[in-house]
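Data first, discussion second: the structure below is written as structure tokens.
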Amino acid sequence: MCLAIPGKVVEITEENGVQMGRIDYAGTVNTACLAYVPEVKVGQYVIVHAGFALSVIDEQEAARTLALFDEMVQKAAEEGQDVFGMPLDEQGGDKE
């Protein structure tokens, strides 16, 4: 399964002549290439897939998408699985 999750651009930098960004995904920050969205500004939301920001989206669309993702995670958890279909009871944690 491939997911392209919205994230908020918190910093824009340049590495070896390529525009890069630090992207915040609900508290987890990773780096993504911004070469395909050169118009993006700090504070805007982007859709990132495989390390590349593919499009700029507005804050309302990002919020709707993140809410749907949260709903999907919650539904899977109710069925005892993570979002990828793996059983939650087999994912680490202390087993006594």
Side-chain angles (χ1 to χ4, degrees):
M1 175 184 348
C2 296
L3 296 173
I5 301 171
K8 187 175 187 176
V9 178
V10 295
E11 182 181 11
I12 296 174
T13 60
E14 185 175 313
E15 293 180 24
N16 300 318
V18 177
Q19 185 173 314
M20 302 293 289
R22 305 251 320 137
I23 314 297
D24 184 343
Y25 306 96
T28 299
V29 179
N30 281 319
T31 301
C33 179
L34 301 177
Y36 297 133
V37 290
E39 73 279 16
V40 72
K41 307 241 183 296
V42 170
Q44 289 184 306
Y45 285 82
V46 291
I47 294 289
V48 176
H49 179 70
F52 291 86
L54 303 177
S55 63
V56 178
I57 62 173
D58 65 37
E59 189 170 352
Q60 291 80 19
E61 183 177 353
R64 283 192 304 269
T65 302
L66 291 170
L68 287 172
F69 188 76
D70 287 343
E71 184 179 327
M72 187 171 64
V73 169
Q74 186 175 2
K75 293 283 186 190
E78 289 171 4
E79 296 176 6
Q81 301 176 346
D82 69 9
V83 72
F84 301 106
M86 300 298 294
L88 289 174
D89 59 354
E90 294 179 10
Q91 297 184 13
D94 294 326
K95 296 186 179 188
E96 297 178 31

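Identified under the ring pair (Phe, Tyr, Trp, His ring centres under 6.0 Å) test for residues 64-83, with sequence neighbours left out: none.
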All N/O donor-acceptor pairs, side-chain side in residues 26-43, below 3.5 Å, sequence neighbours left out:
none

Show me the side-chain donor-acceptor pairs of residues 4-11 shorter than 3.5 Å, one per line, residues at least two apart or across chains.
none

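The cluster map of Ile, Leu, Val, Met, Phe, Trp and Tyr, joined by side-chain heavy atoms under 4.5 Å apart, puts Y25 and V46 in the same cluster. Cluster membership for I12 and V56, using ILVMFWY side-chain heavy atoms within less than 4.5 angstrom, is shared.
L54 CG to I47 CD1: the interatomic distance, rounded to the nearest 0.5 Å, is 8.0 Å.
With sequence neighbours left out, the side chain to side chain contact (heavy atoms under 4.5 Å, CB included) criterion links E78 to Q74, K75. In terms of the side chain to side chain contact (heavy atoms under 4.5 Å, CB included) criterion, residue partners of E61 (sequence neighbours excluded) are, by chain and number, I57, D58, R64, T65.
V18 belongs to a hydrophobic cluster with M20, counting contacts under 4.5 Å between side-chain heavy atoms of Ile, Leu, Val, Met, Phe, Trp and Tyr, direct or through other members.
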